[in-house]
Structures are given as structure tokens and as C-alpha cells.
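Residue numbers count from 1 along this sequence. Source: prediction; values computed, not measured.
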Amino acid sequence: MTAGGSHIGTSESVPSPSKKTAAGAELPKSAAPAVAPPTKRRVYIATWQGFLGALMMFVGSIGTGWIANGSPMIRQPVVIALRTEGWGVTLSTVLLTVGAMLLMRSWLRLGQRLDDWGEHSLRSVVIAISAWSLPLLLAVPIFSRDVYAYTGQGRLVMEGQNPYAVGISTLNNWFALGADPAWAENRTPYGPYFLWLARGVVELTGAQPDVSVLLFRLIAGVGVLLCVIYVPKLAELHGINGARALWIAVANPLFLISFVASAHNDALMVGLAVAGVYFAATKRYLAGILLVTASIGIKPITVLLLPFIGVMWAGPAASWTRKFLIWGATAGISFAVLAVSGIPYNLGLGWVWAIMDPTPGYTGYSPSGFLGQQVEFLGNVLGLPGGTIADLLRTGMKWAAIGLVLLLMFRGDYSRAVRRLALAFTAVVMLSPIIQPWYILWFLPFVAVTGIRNDWQIRCLYVGVTFFVVFGAQDQLSVWSFVELAIDASSLAFVTALLFTFYLLVLDIHTRKLLIEGKPLDWARRGWRWLLDQRRGAR
């Protein structure tokens, strides 16, 4: 059995009939229940509803998505109406938000309709991913405009400048690219391979923003495709149903919005990392190292996967001497390739700064940021230096993440190497002071392929995905300040998302059972009925 082939014994770890374990043993046909094809359970309804939600997001993105100042789209009559008239912005905001939440519901319902995860379920999940991605592939960038910064960094390389040393403000007319001004002076945190790709996109498009966005989406789509291919394969090595793992990791709306609609380069980083771990878990260690190295060359955070690739390569009975030699060889191969890759365009090893010098500050919804805020408030109330104590707490949590990575490197069952990798990645993200919504997608595929139980674990996922979809719906809207609105667009999106979330939790007879059961649900329903009665009485 390889390091990727442990059966970790979750409630979802029953493989399909006639499959083999990673050790090659034939599984009994009775290991999987006989089920009706998913089509008989009306899986297509969830797929079509999700497509409708994605289509609504596409239309809404025209009025509230991020369009570059240099784009000819802003001169089109329909676009002008949706972006400058109050009714157009309001309609676009509602469509974008309701579409995102409808996509959320469709994902939940797809999982419910495929709850037996029979032999046809993988096909159903792939169809849903394809259908939901198509409208998002053509949408105006939403929830983030980082994709426009990619064009600027590609221009820097084209003009012989080093993105590791200067920001895009050194470019002529850089603001017309559509990038967030925060990128003006910031050095790029991306690896050399992505800068090669960005340069290639600019060379092909002449930095035309709309075509550049489409090409960057296609690049991100390669990462999505790699996940679609290798997430089920890696899951099956662990005795986990591949369709369920794919539904969790790739079909969820946060993944599709962040990696297709927003075109984050993290998609390619994650796809290459998943493929690399699969190859390493099936004893093709050199291919695994090179694929993970390619992932590092997109975004360097996946460097923390290398020690666990080394664990798989060393073998289950490896001595400490062999382990350290293999770790050295793994790092040596990867870093040598990256060093050579820095020679074109004189990029050097500039990507190392992204690991050694992380972005300062914190986000209030990260565990580190939230706890730090509470500690700072309490400290100030008690007359203590609350800010200093909060900084110490956040620093301590970052070091705790490093300690957990080291612990998982040195301790643990060899057959659970991928699970250890998943936990290490999770610790680094969750204990960091800065978490962007798409950061949880870095480790989610690895957790999914090694088992997420159908209990509090899957509920935590539902909460996390819903929170970040709601957060993204109101956080990143492009609305001109001169547009007169009865209610602020961000507030409208937030209220709309909260109302839809309430519907999912309390009113929807299908989805409400996923998170709230028993008395809390009864109390919420009684409260909602009371509010309705009061409104009727007032009339």
C-alpha cells in the first residue's frame, strides 16, 4: 500500500463495487449498496437550478462586476444602463447575489440527491461542474479584480522590469488595466512560471483587458480540470468515494466563483499540487516532485507539500538518516529546477520573498484576526497594552502553525501521509492572520480526498462556504460613486444574502436539515411565524 492508500475509516469510505484498493486487493461487490441511477432521483433539477444561478450571476456581473477602464465594454448602451442607472445597479446587485446563493443551494441539493454516491454519481458531478462553470467563464470578473493585476505583471516582464522589485505603477497608463490600486507599489507574490504565463497572455492580447481576462480564465480552467481528473483518483486511493470528494472540493460555489469567475491563479496552483500528490502517492516520485514544483512556480505557498512528498518517497520503514537524505533530495530537485527557471527574464529567486516576508496586517474573520481583536479590546479595558498583546497572539499562532507542520512531518503513520499533508496545509492557512475567501480552497481538496465525515465535519464546510459566498457577494462590488441608489449596493447584497441564508436554514424543507435540526429549528420557525403575524396585525 502506498502512502496515499490508507483507508482511514470515515463514514464515507465505502468504494464502488469492483474497485481495487491501493494495495491491489479486489473489493467485495457487497461493499457498495445497489442503488438506482442518479437520473431517477432527479439530479438534473439541481444541475439546471445551479446553471440558472450561474446565469443570473453572469447578467448581474455586467452591472456590478469589475470592468477595466480601458475596456470597450463600458461604452456599450446596455452596460452603461446597468452601471449608471439606479435601477440597473440595483437589479444587477440582486441578480448577482441571488444567483450566488441559488448556486449554493444547488450544490447542497446535488449532494442530497446523490447521497448514496452510486456508480453514476461521478458523471453527474462532472456535468454539474461543467454546466455551472460555463456562464461564469464569460462573466465580468466578480468578488475580486486580481486578474487585472496579472496583466500588469505580464506587462512588467514584457518591458524588461522585475515584478519582484517593482509594482505595476511603473507602467504607463497602468490604471486603465483595471487593477486594484493596492497593487500599484506591491511586488508580485507569484512564482516564475506564472509570470511566464502572464507575459505570454500580454504578448498575445497586447494587454487588451477583456481578452486577457478570458485567457487567464482558461489558464485557471486548466487547474480546475486537473482537480476534476485527480481529486477522484486520489480519493479512491484512500477508500473515499471519488464523486463525493469531487462534489466537496470542486463543485462547491466558492471554488467555481473564485477559480472560474474571479480567475485566480490559485486554481492552477491547486490543480498542479493535487496532480503532484497523486503521482507521489502512486510511487511516481519524480513526476510528483516536478508537478508540485510547477505549483510552487505559480504560487510558492505549496512549498510546504515537499516534505510530505519526501515522506512518501522515503517509504514506511525508512530510517531517520534515509528520511533526511530524501528530504534533502526532494528539496534539492525542486529548488534547482526553480533556480534555473528564474534565469529567463532575469527573475532570479525573487519568489522567495513571498514566503519569507508575508503581507502585514490581518483580516477580522480569520481565527487569528478575530481572537486578536477580542484580546486587544479586553486588554485595553483592563488598562493593558491591548495592541501589543494582540500582536503577540497573532505571532504565536503563526509559530504554532509552523510547529504543527514540523510535528506532522516527523510524526504519524506513513499510510496517512496525505492526511498529514492536508492537516499541515490547513494549519498554515487557518492560523494565519490573513485569510482570503479562496484560501480555504488550497487545502480543501486534500481534506476531501482523505475523508470528510457526514457529521460536524461536513457542517463546518457548509458554514465556511456559505460565509465566504455571503462575504464575497457584498465585499467586492464595482459601483460608481455618482450612481444614486435607494440603498447602498453592498448593504443590499448583504441583506439579500442573509435573507436567502435564512431561507436555506429555516424555510427550505430540504436544506434546513443539513445544519439545524431539533429545537433550534423549531424556535427559528416559530420566531419567523411570529414576525409574519405581527406584520399582518399591523396592517
Side-chain angles (χ1 to χ4, degrees), residues 143-146 149 164-167 169 179-190 254 258 266 299-304 307 350-411 422-444 456 460 463-477 488 490-491 494 497-498:
F143 291 22
S144 172
R145 47 176 161 165
D146 284 357
Y164 297 125
V166 298
S169 62
D180 191 318
W183 283 101
E185 304 297 331
N186 282 0
R187 298 176 291 168
T188 182
Y190 308 132
L254 183 62
S258 299
D266 307 59
K299 205 165 184 178
I301 186 63
T302 48
V303 69
L304 69 87
W351 58 271
V352 174
W353 85 267
I355 301 173
M356 306 303 294
D357 185 23
T359 305
Y362 63 88
T363 49
Y365 50 80
S366 69
S368 173
F370 178 78
L371 290 174
Q373 287 177 323
Q374 309 315 307
V375 167
E376 182 175 1
F377 172 78
L378 182 60
N380 291 337
V381 168
L382 298 175
L384 300 172
T388 302
I389 297 173
D391 288 340
L392 289 173
L393 174 65
R394 286 188 281 265
T395 301
M397 292 180 74
K398 284 196 292 186
W399 282 104
I402 295 173
L404 285 171
V405 172
L406 292 173
L407 178 64
L408 290 162
M409 278 176 55
F410 287 97
R411 299 293 300 273
L423 294 175
F425 214 164
T426 302
V428 167
V429 173
M430 297 306 295
L431 295 179
S432 170
I434 295 180
I435 298 179
Q436 297 293 354
W438 55 92
Y439 286 10
I440 68 171
L441 303 173
W442 295 352
F443 62 80
L444 182 58
W456 65 268
C460 285
V463 170
V465 171
T466 303
F467 171 80
F468 282 120
V469 170
V470 171
F471 176 81
Q474 56 84 38
D475 179 60
Q476 290 279 338
L477 297 176
D488 175 72
S490 292
S491 300
F494 184 63
L498 283 185

Are the side chain of [X] and the backbone N or O of [Y] linked by a donor-acceptor pair below 3.5 Å?
| X | Y | answer |
| --- | --- | --- |
| S490 | D475 | no |
| Y164 | Y190 | yes |
| T363 | Y365 | no |

Nearest-0.5 Å distance that lies between atom [atom1] in [X] and atom [atom2] in [Y]:
| X | Y | atom1 | atom2 | value |
| --- | --- | --- | --- | --- |
| T188 | W183 | OG1 | CH2 | 5.5 Å |
| Q436 | L441 | CD | CG | 12.0 Å |
| W442 | T302 | CH2 | OG1 | 9.5 Å |
| L404 | L423 | CG | CG | 9.0 Å |

For [X] against [Y], the heavy-atom pair lying closest together:
| X | Y | value |
| --- | --- | --- |
| V428 | A401 | CA-CB, 4.0 Å |
| R394 | P433 | CD-CB, 4.1 Å |
| V375 | L393 | CG2-CD2, 3.7 Å |
| Y362 | I434 | CA-CG1, 3.7 Å |
| P385 | N380 | C-OD1, 4.4 Å |
| M397 | S368 | SD-CA, 3.7 Å |

request  = Give the ring-plane orientation class for F468 versus F471, where under 30° counts as parallel, over 60° as perpendicular and anything between as tilted.
outcome  = perpendicular

task = Would you mind reporting whether L408 and P307 have side-chain heavy atoms less than 4.5 Å apart?
result =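 Result no, sub-4.5 Å side-chain heavy-atom pair not found.
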
inquiry  = Are D266 and S258 packed together at the side-chain level, in the sense that at least one heavy-atom pair is separated by less than 4.5 angstrom?
reply    = no

inquiry  = Looking only at side-chain N and O atoms, does Q476 offer a donor or acceptor that is under 3.5 Å from a partner on S144?
reply    = no

Side chain to side chain contact (heavy atoms under 4.5 Å, CB included), paired with I389, selected from L382, L384, L378 = L384

request  = Give a yes or no on whether F377 atom CZ has more than 12 heavy-atom contacts from other residues, nucleotides or ligands under 6.0 Å away.
outcome  = no

